[in-house]
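We name chains A, B, ... by the order of the sequence lines, and we start the count at 1 in each one. Both backbone and side-chain heavy atoms feed into the values below; hydrogens, waters and symmetry mates do not. All figures in this text were calculated on a predicted structure; none of them were measured in a lab.
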2 protein chains.
Amino acid sequence: MLDLDTRKQEILKAVIHAYIHDAEPVGSERIAHRLRLHVSPATIRNEMAALEELGFLSHPHTSAGRVPTDHGYRFYVDTLVQQEPSAQERTRLRRFLAGGDEPGHIAEEVARALAVVTEYASVVTAPAPERQLFQHLRFIPLTSTKVIAVIVTDAGMVQGRAFDVQDPLEPGALDRLSRMVSQRLQGYALAEITEDLLAEMVDQAAWQHRILVEMLRWLRHRAPVPADRRVYIDGTANILKQPEFHDARTAQPVLSALEREEVLSDLLEVALGRQVWVTIGSEHRHEDLRGTTVVAAPYQMGGRPAGALGIVGPTRMKYGKVISLVRYLAGSLSEILTESP
Amino acid sequence: MLDLDTRKQEILKAVIHAYIHDAEPVGSERIAHRLRLHVSPATIRNEMAALEELGFLSHPHTSAGRVPTDHGYRFYVDTLVQQEPSAQERTRLRRFLAGGDEPGHIAEEVARALAVVTEYASVVTAPAPERQLFQHLRFIPLTSTKVIAVIVTDAGMVQGRAFDVQDPLEPGALDRLSRMVSQRLQGYALAEITEDLLAEMVDQAAWQHRILVEMLRWLRHRAPVPADRRVYIDGTANILKQPEFHDARTAQPVLSALEREEVLSDLLEVALGRQVWVTIGSEHRHEDLRGTTVVAAPYQMGGRPAGALGIVGPTRMKYGKVISLVRYLAGSLSEILTESP
DNA sequence: TATTAGCACTCCGCACAGGGGAGTGCTAAG
DNA sequence: CTTAGCACTCCCCTGTGCGGAGTGCTAATA
């Protein structure tokens with residue numbers, strides 16, 4: 001099943017290209033014309049019938065042309081597609097990325113850029129803070145019973161939060177505590193800071209037990225803190241431009257799904273171990289997305305996995321362009337994040 | 001033009017209610033039935049013709065029923081609509097609001113709640129940090145040439161950022177600087193911290209000139225900083241459920257517009273001075289939103305204006321429900337934000 | 001003068017039929 | 001194995017006709 005002869009491959013590719021191009025079932029004649037093979041439409045028809053038998057193409061009705069199946073697209077992306085982003089797209093993306101000054105917003109910038117360039121929807125996770133390295137902690141006394149804890153990571157991220165302490169604290173003690181914790185946690189990834197690690201310190205400074213415990217909980221459950229593991233999405237309205245989603249009742253479930261953050265995280269998560277990952281139509285775990293294809297790629301920060309970015313579009317997607325673009329952008333982003341902060 | 005006799009008002013109201021209910025042009029017979037007035041359809045027809053003359057109703061074609069115009073809706077919301085949220089909706093909203101723990105995410109929670117309850121799209125600005133009061137600043141030395149500045153506001157918001165300093169600094173000097181700036185700026189709203197204010201301090205500590213200037217720029221242009229003046233939107237997919245947006249080509253421009261943050265800010269900005277503000281169809285400045293109605297209301301934090309929230313739906317909107325809901329929620333949010341932090 | 005019954009008229013929406021066209025699958029010949 | 005020829009299928013478009021909803025007008029009524 002996996003070894004199609006060259007001509008079948010060529011024909012499948014041609015059908016897919018034609019269908020991607022104008023969203024209409026393609027007939028044998030178009031293919032015969034398009035492929036500069038010296039074969040007649042009848043031959044093409046035979047081959048197409050075979051491809052249908054194999055599950056790569058399908059038939060809306062008797063006298064219609066062929067349409068690729070998810071299976072066909074899968075074969076296509078696995079073995080047939082290969083393309084680099086054009087120089088034009090590269091510079092366009094570069095310019096987009098260069099524009100962003102505030103590093104906290106890089107994920108949004110990337111999402112916008114992807115959406116504009118591809119004309120599909122784009123999804124980007126912000127660099128995951130759990131992977132960043134702890135660098136510094138400082139307790140700042142606010143009132144006699146209120147303390148602000150501020151954490152700085154190696155990527156320059158600053159996060160803070162207020163804590164209540166039961167006993168009045170003198171500033172000197174807080175400074176000592178700050179220094180102690182800072183030294184102890186130096187170099188750990190945020191995700192690695194566990195209860196045990198803090199427990200050690202509690203021994204040395206019993207009276208601060210409560211604040212340390214609360215801080216730990218903050219560090220770990222900080223889950224929804226601004227600009228955190230948030231997922232940014234942009235260009236969802238682009239989906240409505242696709243003819244397969246011209247009927248709102250088809251598009252509605254898709255857009256609804258894309259409003260749910262867990263769904264988006266799921267989409268990107270599968271890409272984590274790989275270079276680029278494509279999920280096509282029925283391969284989706286989430287039912288409402290069965291009409292779409294997602295192309296996703298992870299990016300790094302200082303060599304460590306930091307997040308992922310992707311594209312959501314119709315299964316009839318410009319795979320060549322999108323895959324190379326996503327790969328390229330993930331690479332660029334990794335570079336930028338590794339150099340700058 | 002503004003003094004419609006009572007019967008015309010009743011009829012207009014009935015037409016609008018019927019049309020809101022099932023999105024189809026409404027005829028004289030339906031109204032005659034609905035209104036328990038002892039009048040015949042013919043009389044209703046005469047009245048409706050008059051209302052059309054006055055610009056409150058219109059006619060898709062000769063033999064169709066009547067449809068409200070934007071003008072008709074305007075009159076309706078200005079003088080005819082009045083409704084309080086049902087007890088059921090109140091508790092439902094309360095529960096939603098109670099669920100949120102992290103205060104940084106209140107805007108998102110509210111957006112979600114509004115979208116779920118109304119089944120339209122919702123827009124919420126996060127509490128604007130410019131309005132919060134400066135409470136504390138602390139410089140934290142990272143390396144000999146890198147310093148983190150952390151600001152704490154009265155609302156408990158903590159924001160930080162790294163600065164490069166040209167000359168190596170000793171910690172004692174930084175602490176003194178922290179204390180000095182903290183004292184000086186105490187009680188100012190973030191937006192009130194101007195160049196002049198910092199300039200004073202520069203005299204007293206000439207060598208820190210650069211860091212103060214940079215900090216000022218940070219404070220003022222912090223514009224796109226996480227969880228900032230950001231606008232959250234949710235439930236955009238709900239718009240596709242409305243029959244008037246069943247054609248994707250109608251919905252696409254609307255959803256595209258709602259992806260642009262400036263547009264959303266504009267929508268909410270008009271509400272700022274008022275209690276609730278309704279923008280109907282053609283009243284919109286932004287062309288792509290001419291088919292929609294926006295209901296928006298501002299909310300306060302500790303008595304000071306902090307942000308706004310709103311609903312975007314079709315002009316054929318459940319005005320009674322939505323207006324009261326938005327008003328109610330803005331009030332609740334003000335309370336919550338004023339009590340808790 | 002306001003209301004109403006009656007009625008002609010308009011126009012939408014739908015069902016139906018028929019023709020053209022695109023594209024297939026089969027068969028038989030090269 | 002390829003291909004020309006051909007019958008066949010089914011979509012889609014167009015035109016037609018009809019029922020129904022709803023209007024606007026007119027004339028009669030309270």
Rounding to a whole Å, what distance do you find between [X]:[atom1] and [N]:[atom2]?
{"X": "B:His38", "N": "D:dT29", "atom1": "NE2", "atom2": "P", "answer": "20 Å"}
{"X": "B:His61", "N": "C:dC11", "atom1": "NE2", "atom2": "C1'", "answer": "6 Å"}
{"X": "A:Arg30", "N": "C:dT24", "atom1": "CZ", "atom2": "C1'", "answer": "16 Å"}
{"X": "A:Leu51", "N": "C:dT24", "atom1": "CG", "atom2": "C1'", "answer": "15 Å"}
{"X": "A:Glu53", "N": "C:dT24", "atom1": "CD", "atom2": "P", "answer": "16 Å"}
{"X": "A:Glu47", "N": "C:dT24", "atom1": "CD", "atom2": "C1'", "answer": "16 Å"}
{"X": "B:Ile44", "N": "D:dA21", "atom1": "CD1", "atom2": "C1'", "answer": "17 Å"}

Response to the item:
Checking A:Phe75, A:Tyr120, A:Tyr19, A:Tyr73 against A:Tyr319 for ring pair (Phe, Tyr, Trp, His ring centres under 6.0 Å), the one that qualifies is A:Tyr73
Discussion item. Looking at A:Lys241, is its backbone amide N or carbonyl O close enough to the side chain of B:Gln252 to form a donor-acceptor pair, meaning the two atoms are under 3.5 Å apart?
Written reply: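 The answer is no, because no donor-acceptor pair under 3.5 Å joins these two groups.
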So what does [X] hit on the nucleic acid, given a heavy-atom distance under 4.0 Å: a base, only sugar-phosphate, or nothing?
{"X": "B:Arg66", "value": "sugar-phosphate"}
{"X": "A:Thr62", "value": "sugar-phosphate"}
{"X": "B:Arg7", "value": "sugar-phosphate"}

Practice prompt. State whether the distance check finds a donor on one side and an acceptor on the other, under 3.5 Å, for side chain B:Ser40 versus base C:dT4.
Written response: no
Worksheet item: Among side-chain atoms of A:Ser122 and A:Tyr232, is any donor-acceptor pair under 3.5 angstrom?
Response: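 No.
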